[in-house]
Amino acid sequence: MHILVIEDDSRVADFLSRGLRAERHTVQLAKNGIEGLALARSSEYSIILLDVMLPGIDGIELCQTLRGERRNTPVLMLTALSTVENRVSGLRCGADDYLTKPFAFEELLARIDALHRRSGQLTEVISLLTVGDLVFDREKMRVERAGRFVSLTARELAMLELLMRYPGRLYSRERILSNVWGVNEDPLTNVVDVYVSRLRAKVDSGHALQLIKTVRGLGYKIDAES
């Protein structure tokens with residue numbers, strides 16, 4: 001995705017920029033509301049991450065201006081203001097979501113993914129996901145390995161779909177939790193490891209090529225490399 005980050009705190013901006021680029025997104029930075037508004041008007045972005053407390057033009061006014069100009073880029077507001085009134089003000093000005101600082105980066109990624117899906121910017125709907133001889137039919141919610149049906153639970157299907165969406169991409173346990181179980185799940189739980197073991201038993205058992213791989217200390221991925 002092409003993401004515009006409008007944030008005047010250089011430490012936060014650097015943290016966001018490095019993290020998002022590590023996730024293979026392209027990032028444009030603006031350090032105040034005036035610069036951010038100019039960038040938002042000059043290019044098309046997948047998502048705008050918008051701080052509320054900005055010099056020049058604050059985030060509320062900036063978002064209202066964009067919506068008044070019929071610019072519908074999804075806006076995720078980032079702010080240290082956590083009262084109900086603050087959140088309501090942010091959403092009423094036209095923001096699509098609201099995240100209170102400090103926040104977990106995995107939660108930010110999950111919210112970005114959710115906004116991107118809801119915005120309809122995924123122009124190509126891929127019904128079949130394929131990794132090696134593993135095929136996931138997303139319309140039928142059916143999985144086959146080497147032509148044989150693999151019976152999976154709803155949660156196992158959700159985890160497998162996440163991994164197969166981008167073969168080779170490494171997913172941390174926290175990101176899998178955020179996407180499959182929701183952002184409020186206890187990050188200390190071992191539920192991800194349990195479900196990966198279940199998936200391996202159903203998907204990889206009996207096959208010479210193991211598709212689901214562990215990167216020690218970092219997370220999991222799926223690919224057809226030996």
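Starting from 1, each residue takes its place in the sequence as its number.
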Less than 4.5 Å apart, any side-chain heavy atom of [X] and any of [Y]?
| X | Y | answer |
| --- | --- | --- |
| Leu163 | Val131 | no |
| Leu78 | Lys101 | yes |
| Asp113 | Met1 | yes |
| Leu49 | Leu20 | yes |
| Val75 | Leu62 | no |
| Asp9 | Asp51 | no |
| Met77 | Ile60 | yes |
| Thr79 | Leu50 | no |

Side-chain donor or acceptor of [X] paired with backbone N/O of [Y] under 3.5 Å:
| X | Y | answer |
| --- | --- | --- |
| Asn32 | Glu35 | yes |
| Arg138 | Leu129 | no |
| Asp137 | Lys140 | yes |

**Leu157, Val143, Leu160 screened by side chain to side chain contact (heavy atoms under 4.5 Å, CB included) with Leu199, the one that passes** = Leu160
**Request:** Could you point out which residue of Val27, Val12, Ile3 forms a side chain to side chain contact (heavy atoms under 4.5 Å, CB included) with Ser17?
**Result:** Val27
**Asked** Could you go step by step and tell me if Ser172 and Glu106 meet the side-chain hydrogen bond (donor to acceptor under 3.5 Å, both in side chains) rule?
**Response** CA-CA 9 Å; Ser172 67; Glu106 296 299 332; 3.1 Å; yes
**Message:** Assigning hydrophobic clusters by single linkage (Ile, Leu, Val, Met, Phe, Trp, Tyr; side-chain heavy-atom cutoff under 4.5 Å), is Leu218 placed with Tyr220?
**Reply:** no
**Asked** Are Met159 and Leu170 connected in the hydrophobic side-chain network, where two residues link if heavy atoms are under 4.5 Å apart?
**Response** no
**Message:** Suppose the criterion is salt bridge (Lys or Arg N to Asp or Glu O under 4.0 Å): which pairs have a residue in residues 61-76, not counting sequence neighbours?
**Reply:** Arg41-Glu69, Arg67-Asp96, Glu69-Arg71
**Message:** Per the salt bridge (Lys or Arg N to Asp or Glu O under 4.0 Å) rule, what does the pair list look like for residues 205-226, sequence neighbours excluded?
**Reply:** Lys213-Asp223, Lys221-Asp223
Once side chain to side chain contact (heavy atoms under 4.5 Å, CB included) is applied, do any residues pair with [X], and if so which ones, sequence neighbours excluded?
| X | answer |
| --- | --- |
| Ala158 | Val180 |
| Ala38 | none |
| Asp14 | Arg18 |

**Item:** Aromatic ring proximity Tyr166/Tyr171, centre distance under 6.0 Å
**Value:** no
Working to the nearest 0.5 Å, report the span between [atom1] of [X] and [atom2] of [Y].
| X | Y | atom1 | atom2 | result |
| --- | --- | --- | --- | --- |
| Ile34 | Leu39 | CD1 | CG | 12.0 Å |
| Ile47 | Leu4 | CD1 | CG | 11.0 Å |
| Asp133 | Glu144 | CG | CD | 10.5 Å |
| Asp204 | Arg145 | CG | CZ | 5.5 Å |
| Arg148 | His207 | CZ | NE2 | 8.0 Å |
| Leu16 | Arg11 | CG | CZ | 12.5 Å |

**salt bridge (Lys or Arg N to Asp or Glu O under 4.0 Å) involving Asp8 - partner list, sequence neighbours excluded** = none
**Prompt:** Looking at Ser46 and Pro74, what are the two nearest heavy atoms and their distance?
**Reply:** O-CD, 3.3 Å
